[in-house]
Amino acid sequence: MAKITLTFPDGNTRAFPAGVTAAEVAQSISTSLGKKAISASVDGRHHDLQWPIEADAAIAIHTMADDAPALELIRHDLAHVMARAVQEIWPDVKVTIGPVIENGWYYDFDRKEPFTPDDLGAIEKKMREIINRRDPVTTEVWDRDRAIRYYEAQNEPYKVELVQAIPEDQQIRMYWHGHWQDLCRGPHFQHTGQLPADAFKLMKVAGAYWRGDSNRPQLQRIYGVAFRNRDDLKAYLTFLEEAEKRDHRRLGREMELFHFQEEAPGMVFWHPNGWTIYRALEDYMRRRLTAAGYKEIKTPQVVDRKLWEASGHWDKYRENMYITEIDEEHANEKRVNALKPMNCPCHVQVFNQGIKSYRDLPLRLAEFGSCHRYEAHGALHGLMRVRGFTQDDAHIFCTEDQIADECARFIGLLSTIYRDTGFAKFDIKLSTRPDVRIGTDEQWDKAEAALEKAILTVRNDYVVDPGEGAFYGPKLDFKLTDAIGREWQCGTFQADFQLPERLDATYVGQDGAKHRPVMLHRAILGSFERFLGILIENYAGKLPFWLAPRQVVVASIVSDADAYVAEVTAALTAAGVRAEADTRNEKINYKVREHSLGKVPVILAIGQREVEERTVTIRRLGETRTAVGALDQVVSDLAAEAVPPDLR
RNA sequence: GCUGCCGUAGCUCAGUGGUAGAGCACUCCCUUGGUAAGGGAGAGGUCGUGAGUUCAAUCCUCACCGGCAGCACCA
């Protein structure tokens, strides 16, 4: 029998007969490893222990102590166990697919009646029962026809389709959990008893399309989460509760920031508190952009369809555009207009006024552009996905040679703004040319290289997403990570060879001839609405002092202090601090509680003592400790704290 | 847009085929209290909208609107 050589993680090698399984390898090392082994990585591929190894390879045996492999197996096997449980309870339900996802898995079923929350409990119970049966998990390699015939006989049409979709050169593997079987490439545990019966939970049911295609049947999806042990599961459930407490829709109501109502779905009604945050952010952005060489402009909301036809939006984006018509009774001519869904065509109009010289480039036109897009009902989500929003948009008109430098400047600006708003960590993704595109290969080569070079001026780690660029040019996406580890794509930088062409933007070059500028679309926050939603959730409503809508509440303890409270409040206001007086007829406990819940960063308590000594007692949000300070000192300290980061 | 669930006071929610209730918030009164809810009284709702069934609908049915979750979408 042929021999193969396996290399272990510590560098040792050993010979085994070809076709040896990882289980046998583990067993040969030690009986205890044989028992503890759950799976193996063979040349970096994760396989189950029954997988025969036919050639020389690097091998690593995994046990439950190995986080990633253990979790993959747990979630993967639980998906099968759940499918089996469902079919044991409802034999006529058809199974489809059940992949592992972040924190768990899901499985899609074809069933007339949707699952109810009560069903989930019954399924969970059945799953525990199956786990306790400790059925062995075995695997068989079948040929294609047999698998198709089998699934046709079982009346599992989705599985037939899946088998048919498996590439010719791939094995078709069947896994058996006792008498129940599923099509799967593995890897799996050796028996279901290895699954932690107390570390998983079925979370929710939802509709999902077969193969993600909205034209195909809608299936019933059940989501589950699973971890290695009960404590990890509990920690995850606690995390979910935390995330729910941070929900900006809830905080928006509690802190009186904004509201939505039926008459304008997906459009924000900003309240004084919320609008104060918005303006603090907008003022900050305006200063940063001005300092970075941008010129701010403002362009119309309602624009004739002719421009959208010229820009190509009428063809490609009309479904998402709000179209308006002038009331025919009053209008002499009938014009069809659209609310702008994007600012770019209008910015080109500004560029096109007068004759531009190469000396004018790069020209950076910025607009806090108010846009409207008709988003599907199901897509709306608080401030995160709205129909009316304002982009921190800008378009840079430049030459191809200037792309790299402009991109580097942009990344520098973006880093500064993310740092100032509290997001130290962000990732960059470069999306390169798609199959269907415009522009020459030389242009793409140059633009892609320029973006890549620009990234390298600030950092050396980034992800390339080949083929995912827009048809009109390559792009960078910037994803920031919030306080609880969630990622949000906010910034974008896109080179565009098309729009200047379509809208005939030109400049006069050094040679006296007309040239086509490149247009760079770029945003840092994305939309103010969404970014504020992210900020609120990131800080759980406890915004940094410079962004807090009410920075200080001056609260009286006794009504004799009212006059002094007014004086303190006025002094703070004069010093540029957003301060409010609270002289209501309530106890200090009540006021402290209310303003703490309202996330006011600083409460100044004023009683008889403070009046006599001309001091204030400071209490900061989240602290129970208080400190006493002289009025003038405290006012100047708070005024310094209120200065936005770019003015410090 | 699709599937499911939901819509009762400003908020969180209970409730019933015979036109409604709690807590908090709100208003007024008492209370001047030292760091996360002092006490009392009062006011407040066309039960999302429209149609149908019924002697009678907030409750049952249907449609629409809106919300939530997931999916699809995010040139």
Side-chain angles (χ1 to χ4, degrees), chain A residues 101 106 108 111-117 119 203-223 244 247 249-250 253-254 256 259-266 308 311-321 341-342 344 373-382 384-387 389 434 436 469-472 475 477 489 492 494 496 498-499 521 526-527 530 553 555-562 583-598 603-610 617-628:
Chain A
I101 53 172
Y106 66 77
D108 288 345
R111 180 181 188 238
K112 282 185 198 73
E113 300 294 310
F115 295 100
T116 66
D119 291 340
M203 302 298 286
K204 54 197 166 199
V205 290
Y209 300 111
W210 169 235
R211 311 230 112 178
D213 184 342
S214 55
N215 296 315
R216 307 193 67 174
Q218 187 151 35
L219 308 169
Q220 301 300 330
R221 176 173 295 179
I222 302 179
Y223 284 90
E244 202 185 317
D247 191 316
R249 293 167 299 186
R250 170 189 177 140
R253 196 166 47 233
E254 287 172 2
E256 296 178 65
H259 85 270
F260 291 91
Q261 67 185 48
E262 256 187 65
E263 288 79 359
W308 304 113
S311 70
H313 288 92
W314 195 261
D315 268 354
K316 292 213 171 64
Y317 204 70
R318 181 140 71 124
E319 279 190 0
N320 290 294
M321 288 165 70
M342 295 169 201
C344 14
R373 297 180 188 173
Y374 184 79
E375 302 283 1
H377 288 89
L380 301 179
H381 182 89
M384 302 303 191
R385 190 86 177 263
V386 288
R387 288 179 175 162
F389 56 96
V436 181
F471 72 94
Y472 52 71
K475 65 172 179 177
D477 287 316
Q489 202 244 292
T492 184
Q494 308 180 8
D496 185 348
Q498 185 200 235
L499 205 57
H521 307 255
S527 95
R530 179 162 173 275
V553 166
S556 59
I557 296 170
V558 293
S559 51
D560 284 348
D562 286 1
T583 53
R584 290 175 304 169
N585 176 16
E586 295 293 349
K587 292 199 171 187
I588 191 66
N589 287 334
Y590 183 94
K591 295 180 184 181
V592 165
R593 177 182 150 83
E594 186 172 289
H595 297 125
S596 297
L597 290 172
I603 297 171
L604 298 183
I606 310 285
Q608 199 54 47
R609 218 160 49 223
E610 286 78 6
T617 298
I618 309 168
R619 188 191 206 276
R620 288 188 178 264
L621 183 59
E623 294 178 15
T624 47
R625 208 164 43 84
T626 58
V628 179

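Just the heavy atoms: all of them, side chains too, but no hydrogens, waters or symmetry mates, feed the values below. In what follows, every chain begins at residue 1, and chains take the letters A, B, ... in the order their sequences are listed.
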Can we say A/Arg625 and A/Glu623 salt-bridge, meaning some charged N sits less than 4.0 Å from an Asp/Glu carboxylate O? yes

Identified pairing partner of [N], criterion: Watson-Crick or G-U wobble below 3.5 Å:
N      : answer
B/rC68 : B/rG4
B/rG45 : none
B/rU54 : none
B/rU35 : none
B/rG10 : B/rC24

Under 4.0 Å between any heavy atoms, over every strand shown, what does [X] touch: base, sugar-phosphate, or nothing? Just pick one.
X        : result
A/Glu263 : nothing
A/Leu597 : base
A/Arg253 : sugar-phosphate
A/Gly212 : sugar-phosphate
A/His381 : sugar-phosphate
A/Ser556 : nothing
A/Arg211 : nothing
A/Arg221 : sugar-phosphate
A/Tyr472 : base

Tell me whether the side-chain N or O atoms of [X] pair up with the base of [N] as donor and acceptor below 3.5 Å, since no angle test is needed here.
X        : N      : value
A/His313 : B/rA75 : yes
A/Ser559 : B/rU32 : yes
A/Thr626 : B/rG34 : no

Expressed as a whole number of angstroms, how long is the span from [X]:[atom1] to [N]:[atom2]?
X        : N      : atom1 : atom2 : result
A/Gln498 : B/rA75 : CD    : P     : 14 Å
A/Leu604 : B/rU35 : CG    : P     : 16 Å
A/Leu380 : B/rC71 : CG    : P     : 16 Å
A/Tyr209 : B/rA69 : OH    : C1'   : 14 Å
A/Gln218 : B/rG70 : CD    : P     : 14 Å
A/Lys316 : B/rC73 : NZ    : C1'   : 17 Å
A/Ile222 : B/rC71 : CD1   : C1'   : 15 Å
A/Glu610 : B/rG34 : CD    : C1'   : 8 Å

Between A/Tyr472 and A/His521, how do the two ring planes meet: parallel, tilted or perpendicular, split at 30° and 60°?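 If you compare the ring of A/Tyr472 with that of A/His521, the planes turn out tilted.
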
Below 4.5 Å, heavy atoms only, C-beta onward: do A/Thr583 and A/Ser559 meet side chain to side chain? no

Using the C1' atoms only, state how far B/rA25 lies from B/rG42, rounded to an integer number of Å.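 To the nearest whole Å, 14 Å.
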
At under 4.0 Å between heavy atoms, which parts of nucleotides 22-30 of chain B does protein reach? Answer with one letter per nucleotide, 5' to 3': B base, S sugar-phosphate only, - none. ---SS---B

Before you tell me yes or no, could you show the steps for A/Asp213 and A/Arg211 under salt bridge (charged side-chain N to carboxylate O under 4.0 Å, His left out), namely the whole-Å CA-CA distance, both residues' side-chain angles and the distance that decides it to 0.1 Å? CA-CA 5 Å; A/Asp213 184 342; A/Arg211 311 230 112 178; over 6 Å; no

